[in-house]
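Scroll down for the structure; my scribbles are underneath it.
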Amino acid sequence: ILICVNLPVSQRFITKKANAIFLEKNLPVQVDKITLLLNGKIGLIRPRIIMNSGDTVVFAGKIKVSVRIVPLLFKKIKVNNITLHDAVVHITTDSVTGLPDIVSLFNTGNKSPKTKSKTGKKWELSVGTINLRNIRFTYNDVFHGIQIDQSIGKLYIRFNKFSLIR
């Protein structure tokens, strides 16, 4: 079964299943290809978030994540590297409420808050490096009068120690 995950037919099945789950959950997310490798490498080709109007909010040519597998058994997510290439992020806000429109895309509105009292160890997340190439970001907030238009050609970030818990 482990070898089957790396086969192209399995990758297509995983992509089709993920897109079906996004559709079933009314999430405005689509991805052209998902690759999962046994060594902890995950790849997304052309993932995107599209508004109901058809406007693309987030698009990336390629996202690659390299994760260490064994620490997952101990509630630790150790990300070696995150690579993001050819991305466009266009955030706008609602002119009445001032909230980003992307928030409403993921808000189903009919869920009641659940209080869970879990005991035990919390998940720890750490990241080693982040590589960004050809990233464009726009933010247009008519409500507060803020407009940002930024581009990143190439950015490499290395963390000596990064953790959300510590």
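We're numbering straight along the sequence, starting at 1. This is a predicted model, so every value here is computed, not measured.
- Residues Phe59 and Leu132 do not share a hydrophobic cluster, clusters being chains of Ile/Leu/Val/Met/Phe/Trp/Tyr side chains in contact below 4.5 Å.
- The pair Asp32-Arg48 meets the salt-bridge criterion, with a side-chain N (NZ, NE, NH1 or NH2) lying under 4.0 Å from an Asp/Glu carboxylate O.
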Residue pair Ile14, Arg12: steps toward the side-chain contact (heavy atoms from CB on, under 4.5 Å) verdict: CA-CA 5 Å; Ile14 291 167; Arg12 285 191 298 272; over 6 Å; no
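- Looking at residues two or more places apart in sequence or on another chain, you find no salt bridge (charged side-chain N to carboxylate O under 4.0 Å, His left out) involving Arg68.
- Scanning all heavy atoms of the two residues, the minimum distance from Asn81 to Asn131 falls at OD1-ND2, 3.1 Å.
- Residue pairs meeting the side-chain hydrogen bond (donor to acceptor under 3.5 Å, both in side chains) criterion with at least one partner in residues 54-65, sequence neighbours excluded, are Ser53-Asp55.
- With sequence neighbours excluded, the residues forming a side-chain contact (heavy atoms from CB on, under 4.5 Å) with Phe74 are Val70, listed by chain and number.
- Contacts of Lys17 classified as side-chain contact (heavy atoms from CB on, under 4.5 Å), with partners at least two apart in sequence or in another chain: Ile21.
- Judged purely by distance below 3.5 Å, without hydrogens or angles, the side chains of Asp141 and Thr93 pair a donor atom with an acceptor atom.
- Remark: Leu73 pairs with no residue by the side-chain contact (heavy atoms from CB on, under 4.5 Å) rule, at least two apart or across chains.
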What side-chain donor-acceptor pairs closer than 3.5 Å can you find for residues 84-92, not counting sequence neighbours?
unit_1, atom_1, unit_2, atom_2, d
Asp86, OD1, Asn134, ND2, 2.8
His90, ND1, Thr138, OG1, 2.3
Thr92, OG1, Asp101, OD2, 2.7

Verdict with supporting geometry, Thr129 and Asn80, side-chain contact (heavy atoms from CB on, under 4.5 Å): CA-CA 6 Å; Thr129 61; Asn80 296 326; over 6 Å; no
